[in-house]
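A short write-up of the structure that comes next.
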Amino acid sequence: MFKNFIGYNLVEDIHNAKANLREARKNKRLMKLIFCTIIMLILWNLPSSTFGITNLTIVEQRTIAVFCFATIMWIMEAIPAWNTSVAVIVILLFFASDSSFSFFSNYSAEQLGTLISYKKLMACFADPIIMLFIGGFILAIAATKSGLDVKLAKVMLKPFGTKSENVLLGFILVTGLFSMFLSNTATAAMMLTFLAPVLKSLPANGKGKICLALAIPIGANIGGIGTPIGTPPNAIALKFLNDPEGMNLNIGFGQWMMFMFPFALVLLFIAWRVLLLLFPFTQKRIELKIEESEERQLKPWQEKFVYFIFLITILLWMTDKVTGVNSNVVAMLPVGAFCVAGIIGRRDLEEINWSVLWMVAGGFALGVALQDSGLASNLINTIPFNTWSPIIMIVGSGILCYAMANFISHTATANLLIPILALAGISAAENLAAFGGVSTLLIGVALGSSLAMVLPISTPPNALAHATGLIEQKQMMRIGLIMGVIGLVLGYIMLIFTGKTGLL
């Protein structure tokens, strides 16, 4: 998170509270870690016949053990999720790669199987999708330092006037739009800061406070659906859909936005009406004042340069199919431009959310291990994916992802499900074609994770909003469940339609 971001103190308070809670649970977490490690070692050393997979090699068995280790670790949260991802890559490098310990590879070629390329595993830390996220983080930092975020919020909220219902709509839409390009956590923190003086002016016993406080996490979570960089699960799904060695569907940034941006807007409008229905305002008018910081972090020419590069980057992302410049390459434009112009310095680079990037890299490493070890093709031959009901596979995976993502990290959920579902999708491609194909399957999982916002622990924006003390868990659960059901139903209708017509 960026220390110079408006509302950073809110995020810092949440992180400190979590750190204190982790300290209190240290012994319990240690026991979880030991338990997960024991499970991995048991799977690692079981006779290969136990798994019921024909011709299972040692490397494939180790990959299964590591995958199960990651699954249990992410679900139980024995250690922070990104730590698990890093541990996964390290274990694979030392014990299953072509640069692993020689005494762990002292088997016949037939028994050992295909060792995983250590270069591919290490390249996960610098995958083009990781570069896409770094570009997004750099844009967010520059927007904050230049005051562009506050200026945009002020300009965008002004047309909504002072009528309570319209102010609510303004906060939902602006939060949603910001979270499409900036971190949803940072967006929620900033918007809650803007909202603080408004909440003080509302009646203490009215439902308007609850309505406005809930609008921020709802807007931030739904808004992330709109772009590939809006949330990590989107990028993880695109990684597997666009993999040249896999499905190679070549879905671009602009192509994603063509359908997901309008869909996100529709959901934001629905959320607005649902919130008003559940928590109606008693005060009919709200005066909204957003003050800009008088302290300048950048020179006037640098601020104008940020505005220019921000606009050019967004335009290039949206027209990547027209220009021929890949969205991952476009992401390097703000990185290079802002660093050369002195807008982004060494300390700013330290503020990039590296834990998110490393966590995503761990998921990519699991995908590499599944493919390179040969386990992927072995599973496809062993498990009859093509005999499964396509509608159950598609909708069931989205519901499973939605259920899991309410309790564990959205990124961790996507990291677990998408590599396996990509294998299933390839095997059952003919059956899935009637319902939009593999893209419907994988994008549905990403959608399910974004819509998971039932509990305060479901997403950082939920935690931030709940920390205001204005929202009860049952209130968050009501709106979260309603929007989850509506979002999944409408989402699958849209995905199946666009998939069948070849539009996505």
Side-chain angles (χ1 to χ4, degrees), residues 129 132 136 172-173 175-181 184 218-243 247-272 313-328 330 390-391 394-395 397-398 401-402 410 414 418 421-422 425 429 432-452 483-504:
I129 292 293
L132 181 65
I172 289 177
L173 290 180
T175 303
L177 289 170
F178 270 44
S179 67
M180 291 180 186
F181 298 97
N184 63 359
I218 296 293
N221 292 323
I222 292 175
I225 296 168
T227 66
I229 63 168
T231 180
N234 293 358
I236 295 169
L238 272 184
K239 157 78 175 176
F240 285 89
L241 289 169
N242 292 343
D243 186 358
M247 284 163 269
N248 198 24
L249 296 182
N250 195 28
I251 298 172
F253 197 103
Q255 189 179 357
W256 177 287
M257 284 194 68
M258 191 184 302
F259 301 100
M260 302 307 280
F261 177 77
F263 173 69
L265 284 182
V266 169
L267 281 188
L268 290 171
F269 274 101
I270 292 173
W272 171 51
T313 303
I314 300 300
L315 287 175
L316 287 174
W317 267 336
M318 295 177 68
T319 58
D320 55 350
K321 289 288 186 180
V322 177
T323 63
V325 182
N326 187 282
S327 57
N328 305 321
V330 172
I391 193 66
I394 290 173
V395 177
S397 62
C401 178
Y402 173 77
H410 291 188
I418 288 178
L421 289 171
L432 295 175
F435 297 93
V438 185
S439 59
T440 303
L441 179 69
L442 298 191
I443 296 174
V445 171
L447 184 64
S449 70
S450 294
L451 293 169
M483 290 312 303
V485 172
I486 293 173
L488 284 171
V489 171
L490 293 182
Y492 275 112
I493 291 172
M494 183 268 296
L495 287 173
I496 290 171
F497 172 76
T498 55
K500 289 180 72 172
T501 54
L503 297 173
L504 184 61

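In this text, all values refer to a predicted model and were calculated from it rather than measured experimentally.
Nearest heavy atoms, Pro228 versus Trp256: CD-CD1, 3.7 Å. Nearest heavy atoms, Ser179 versus Gly219: OG-O, 3.7 Å. Heavy-atom minimum distance, Ala414 versus Ile236: CB-CD1, 3.9 Å. In plain terms, the two heavy atoms of Pro390 and Phe435 that are nearest each other are CG-CE1, 3.5 Å. For the pair Leu265 and Leu173, the tightest heavy-atom approach, listed with the atom from each and the gap, is CD2-CD2, 4.3 Å. Nearest approach of Ala271 to Ile222, heavy atoms of both residues: CB-CD1, 4.3 Å.
Atom-to-atom distance recorded for Gln255:CD and Met260:CE is 12.0 Å, nearest 0.5 angstrom. Atom CG of Leu267 and atom CG of Asn221 lie 11.5 Å apart (nearest 0.5 Å).
Although no hydrogens or angles enter the test, the distance criterion places no donor-acceptor pair under 3.5 Å between the side chain of Thr319 and the main chain of Val322. With Thr227 contributing its side chain and Phe181 its backbone, the two residues share no donor-acceptor pair below 3.5 Å. When atom types are taken as modelled, the side chain of Asn242 and the backbone of Ile251 share a donor-acceptor pair closer than 3.5 angstrom. At least one donor-acceptor pair closer than 3.5 Å links the side chain of Tyr492 to the backbone N or O of Ile394. Under a 3.5 Å cut-off, the side chain of His410 and the backbone N or O of Ala452 do form a donor-acceptor pair.
Counting heavy atoms from C-beta outward, Ser439 and Leu249 have side chains that approach closer than 4.5 Å. Leu441 has its side chain within reach of Ser397: a pair of non-hydrogen atoms, C-beta onward, lies under 4.5 Å apart. In this structure, the side chains of Leu316 and Thr323 come closer than 4.5 Å at one or more pairs of heavy atoms. Two residues are said to be in side-chain contact when any heavy atoms from C-beta on lie closer than 4.5 Å; Leu442 and Phe240 meet this criterion. Side-chain contact between Leu177 and Phe261: present, with at least one pair of heavy atoms (C-beta onward) separated by less than 4.5 Å. Residues Ile225 and Leu451 meet the side-chain proximity criterion, which asks for heavy atoms closer than 4.5 Å. Counting heavy atoms from C-beta outward, Asn234 and Leu238 have side chains that stay 4.5 Å or more apart. Taking 4.5 Å as the limit, every side-chain heavy atom of Leu495 sits out of range of all side-chain heavy atoms of Phe259.
Applying the side chain to side chain donor-acceptor pair (under 3.5 Å) rule to Asp320 yields no partners; only residues at least two apart in sequence or on another chain are considered. Residues that satisfy the side chain to side chain contact (heavy atoms under 4.5 Å, CB included) test with Val266, not counting sequence neighbours, are Ile270. Residues satisfying the ring-ring contact (aromatic ring centres under 6.0 Å, His included) criterion with Phe253, sequence neighbours excluded, are Trp317. For Asn250, the side chain to side chain contact (heavy atoms under 4.5 Å, CB included) partners two or more places apart in sequence, or in a different chain, are Lys321. Residues that satisfy the side chain to side chain contact (heavy atoms under 4.5 Å, CB included) test with Ala235, not counting sequence neighbours, are Ile129, Phe133. In terms of the side chain to side chain contact (heavy atoms under 4.5 Å, CB included) criterion, residue partners of Leu315 (sequence neighbours excluded) are, by chain and number, Leu311.
In the displayed structure, Met318 atom CE is contacted under 6.0 Å by at most 12 heavy atoms of other residues, nucleotides or ligands.
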Show your reasoning for whether side chain to side chain contact (heavy atoms under 4.5 Å, CB included) applies to Met494 and Thr498.
CA-CA 6 Å; Met494 183 268 296; Thr498 55; 4.2 Å; yes
For a side chain to side chain contact (heavy atoms under 4.5 Å, CB included) check, start with the C-alpha distance between Ile443 and Leu241, then their side-chain angles and the critical distance, and finish with the verdict.
CA-CA 9 Å; Ile443 296 174; Leu241 289 169; 3.8 Å; yes
